Trainee: 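Below you'll find the structure I mean.
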Amino acid sequence: LLATSVLEGKNWRANYYKHFVQANAIALSSSDDCISSAEAGLASLRSTFQLNQVSLSKIEGRKSCTLPLATSVVAGRGTEQAFVCPMNGKEHELVSLSKEMKKLVDLGGAEPSVLESVKRLSKNPEWLSKKFLSSFTFAILGAGSQMGPCQTLLRLGATVLAVDLKGRDAVWNRLSSFAESTPGTLVIPLSNDGERGCDILTDFEAIGRWIVENSVGKRIVIGGFLYADGSLFARIAVAADAVIDAVCKARQDTCLISLCSPTEVFSVPKEANEEARRRYEALSVHTPWERTVSLLSGNRYLEANVPTVIQAKNGIHEFLLQDSQVWQQGPNYAFAKLIQRWRNVVARHRGHRVSSNVAPASLTVSVMHNQLIRAGMLGCQFFGIIPFEPVTSNSLMTALAIHDLIEESSSANPRTVLKNPMNLFQQNAVHGGTWRCAYKTNSYTEVSAVLYGMKSVAPYVAIGGLGLWGLRSRL
């Protein structure tokens, strides 16, 4: 039924989000359905996507014919220091970071499991040490990403296999210079022409082999932190999945790390939804105009954050499916994130440890350069959403990922029993408030931009009003 509705549906751009909700609803109906739908999705990618008119499945099945990548190593000369996370104007070590997480949880910006994990790290600070991390190599696809863990890992003394585009000298120079100042080691692929970097769309076979060859004697942790606009995002997501799949097949002990966006579809905890309901029912001076906006727009704006109840086929488990998508991000973005989710579900099912935590909306360069998105991001604080500085996000989320790689009780551990594989994305969720907000994410983003715009012009309106009043008094 889902396939039929997708293929026969009209006005795809306007209605795509409904299909992604339905796909996640099917996944929640049973663990078997979740795994089989993810496997079917990944198999479909391999028969559909092509490189030079050759399907991905045939490329993966042939003997590799791409040239190997060479290697350049930047050995850091910095001294090891304790982990710190910049937050709210201060650099916090693990003990004080626990206090900040308590505040964040109380504000509804993160789930309680985040606080528990940070407290556990504070009791085991050696987990974030060079000695402990030396048994891993961290293969980071999209090493130059602001939200990626590359710099935090290097600062902790880790070995990072950095995959990013060639021709980006500014990125490579920045990463190399940073690596030199840390106790970590940066390993860079060199293309056939000796240039730093590679093209994941065409070099994915060689990248997978390069990662394995440079990880002898160490456990591989591989993560995709790539991003691009439009359809290119979906294409590089497929290529990244091919790399991750190849590495997992070569090394069964491979671990996966990634970040979920807060603007996806999630199975949310009952406690989070109860808080969202309490916030909606709480009355304030803003309630009259908020309800009026909701009524006049037919719930297009400021719609109550009410999830869909999914009853599992076993008749025992019940799940709350929350649609946190932002329609303006488009179907390519949603599809790329779904590919990542499919791989995480399948990899964990096959015995790999998988950390995929929800990261908060962050004030990255790409966000702040787009005036409309910037206004929406800054204005959403009116509704209790907390945007993060990128340096805070990547430091905190990297620490949580490392926690997941080590802690036996973590949902990342394939031996940990989950009611459904989709619940992998519940633990350690730093959603910034979207799960506990009174309103659905897509219904307040544009209102947030308007509110921020009104706040920005308010001083000028006030000054203009005073000027007119002064002019009138003189007349």
Side-chain angles (χ1 to χ4, degrees), residues 17 20-21 23-24 27-28 34 38 41 104 109-111 113-114 117 140-142 145-149 221-227 233-234 236-237 240-241 244 255-269 272 307 319-326 329-348 352-362 364 367 385-388 390 392-394 396-405 410-412 418 420-437 440-442:
Y17 66 95
F20 286 92
V21 173
N24 283 279
L28 279 177
C34 182
L104 185 64
E111 293 307 297
S113 55
V114 175
S117 296
I140 306 302
L141 310 180
S145 167
Q146 260 194 296
M147 287 296 291
V221 180
I222 186 168
F225 298 88
L226 300 151
Y227 175 76
F233 190 20
I236 62 175
D241 183 71
I244 294 170
C255 305
L256 277 62
I257 58 172
S258 60
L259 297 176
C260 296
S261 164
T263 55
E264 296 182 55
V265 183
F266 295 101
S267 166
V268 298
F319 303 99
L320 299 177
L321 186 65
Q322 180 170 304
D323 177 13
S324 294
Q325 296 175 99
V326 174
Q329 289 181 311
N332 287 303
Y333 182 88
F335 182 48
K337 298 303 291 183
L338 182 61
I339 292 170
Q340 185 180 68
R341 182 172 294 194
W342 284 340
R343 175 55 58 193
N344 288 331
V345 166
V346 170
R348 188 179 185 279
H352 298 277
R353 191 175 279 252
V354 178
S355 172
S356 189
N357 300 322
V358 182
S362 301
T364 59
V367 166
I385 306 302
I386 306 166
F388 277 53
T392 302
S393 295
N394 62 46
L396 174 60
M397 302 314 296
T398 300
L400 291 174
I402 293 172
H403 165 276
D404 294 346
L405 296 178
S410 169
S411 294
L418 303 178
N420 184 282
M422 285 275 286
N423 282 7
L424 169 65
F425 313 108
Q426 276 191 9
Q427 191 177 57
N428 286 341
V430 190
H431 45 70
T434 54
W435 289 8
R436 294 170 180 256
C437 181
K440 278 192 174 182
T441 307
N442 189 68

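Just the heavy atoms: all of them, side chains too, but no hydrogens, waters or symmetry mates, feed the values below. Positions are given from 1, in the same order as the sequence printed here. Computed from a prediction, not measured in an experiment: that's the story for all the values here.
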Trainee: Distance only, no hydrogens: is a donor on one side chain within 3.5 Å (strictly under) of an acceptor on the other, for Ser324 and Gln322?
Mentor: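 Yes, a side-chain donor-acceptor pair sits under 3.5 Å.
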Trainee: Measuring from Asp404:CG to Ser117:OG, what's the distance to the nearest 0.5 Å?
Mentor: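 So the CG of Asp404 and the OG of Ser117 are separated by 6.5 Å.
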Trainee: Taking atom types as modelled, find out whether Ser258 and Asn344 have a side-chain donor-acceptor pair closer than 3.5 angstrom.
Mentor: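 Indeed, the side chains of Ser258 and Asn344 share at least one donor-acceptor pair under 3.5 Å.
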Trainee: Using side-chain heavy atoms (C-beta onward) and a distance below 4.5 Å, is Ser145 in contact with Tyr227?
Mentor: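 Answer no - side chains too far apart.
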Trainee: Rounded to the nearest 0.5 Å, what's the gap from OG1 on Thr398 to CD1 on Ile140? Could you check?
Mentor: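 Going from the OG1 atom of Thr398 to the CD1 atom of Ile140 covers 8.0 Å.
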Trainee: Might you point out which heavy atoms bring Pro421 and Cys34 nearest each other, and give the distance in Å?
Mentor: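 Closest approach of Pro421 to Cys34, heavy atoms only: CB-SG, 3.7 Å.
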Trainee: Is there side-chain contact between Phe319 and Asn423, with at least one heavy-atom pair below 4.5 Å?
Mentor: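 Result yes, sub-4.5 Å side-chain heavy-atom pair found.
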Trainee: So, for Val358 and Phe425, which heavy atoms are closest and what is the spacing to 0.1 Å?
Mentor: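 For Val358 and Phe425, the tightest heavy-atom pair comes out as CG2-O, 3.5 Å.
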Trainee: Kindly write out the residues that satisfy ring pair (Phe, Tyr, Trp, His ring centres under 6.0 Å) with Trp342, not counting sequence neighbours, or none if the list is empty.
Mentor: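 Result, ring pair (Phe, Tyr, Trp, His ring centres under 6.0 Å) vs Trp342: none returned.
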Trainee: My understanding is that only residues two or more places apart in sequence, or in another chain, count here; which of them pass side chain to side chain contact (heavy atoms under 4.5 Å, CB included) with Ser393?
Mentor: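 Once residues adjacent in sequence are excluded, the partners of Ser393 under the side chain to side chain contact (heavy atoms under 4.5 Å, CB included) criterion are Met147, Pro360, Ser362, Phe388.
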Trainee: Within the 4.5 Å heavy-atom criterion, are Pro262 and Thr441 side-chain neighbours or not?
Mentor: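 The answer is no; the side chains never approach within 4.5 Å.
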Trainee: Just verifying a value: how many Å separate Tyr17 OH and Thr263 OG1, rounded to the nearest 0.5 Å?
Mentor: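 Here the rounded value is 15.0 Å.
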Trainee: Are the side chains of Leu418 and Gln426 in contact, using a 4.5 Å heavy-atom criterion?
Mentor: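 In short, these two side chains do not touch, never coming nearer than 4.5 Å.
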Trainee: Roughly how far apart are Ser113 OG and Leu400 CG, rounded to 0.5 Å?
Mentor: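 The CG atom of Leu400 is 8.5 Å from OG of Ser113, to the nearest 0.5 Å.
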Trainee: If every non-hydrogen atom of His403 is compared with every non-hydrogen atom of Asn428, which pair is closest and at what distance?
Mentor: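 In terms of heavy atoms, the two residues are closest at ND1-ND2, 3.9 Å.
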Trainee: Are the side chain of Gln427 and the backbone of Ser411 linked by a donor-acceptor contact shorter than 3.5 Å?
Mentor: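 Yes; at least one donor-acceptor contact below 3.5 Å.
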Trainee: Taking all non-hydrogen atoms of both residues into account, name the closest pair between Asn442 and Gln325 and its distance.
Mentor: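 That closest heavy-atom pairing would be CB-O, 3.2 Å.
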Trainee: Starting at OG1 of Thr434, measure out to NZ of Lys440 and round the result to the nearest 0.5 Å.
Mentor: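 Separation between the atoms: 13.0 Å.
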Trainee: Return the set of residues passing salt bridge (charged side-chain N to carboxylate O under 4.0 Å, His left out) with Arg348 (not counting sequence neighbours), or none when no residue passes.
Mentor: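 Testing Arg348 for salt bridge (charged side-chain N to carboxylate O under 4.0 Å, His left out), a comparison that skips the adjacent residues, returns none.
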Trainee: Are Phe20 and Asp323 close enough that some pair of their side-chain heavy atoms sits under 4.5 Å apart?
Mentor: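 No, their side chains stay 4.5 Å or more apart.
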Trainee: Do Leu321 and Val265 come close enough that some side-chain heavy atom pair is under 4.5 Å?
Mentor: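 A side-chain contact under 4.5 Å exists here.
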Trainee: Over all heavy atoms of both residues, which pair between Ala110 and Val430 is shortest? Give the atoms and the distance, please.
Mentor: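 So the two residues come closest at CB-CA, 4.1 Å.
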Trainee: If you round to the nearest 0.5 Å, how far is CG of Asn357 from NE2 of His431?
Mentor: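 His431 NE2 to Asn357 CG: 12.0 Å, rounded to 0.5 Å.
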Trainee: Over all heavy atoms of both residues, which pair between Leu320 and Pro269 is shortest? Give the atoms and the distance, please.
Mentor: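 Closest approach of Leu320 to Pro269, heavy atoms only: CD1-O, 4.4 Å.
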Trainee: Between Leu256 and Ile222, is any pair of side-chain heavy atoms under 4.5 Å apart?
Mentor: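 Touching, per the 4.5 Å side-chain cut-off.
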Trainee: Within the 4.5 Å heavy-atom criterion, are Ile257 and Leu405 side-chain neighbours or not?
Mentor: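 They are in contact (side-chain heavy atoms under 4.5 Å apart), so the answer is yes.
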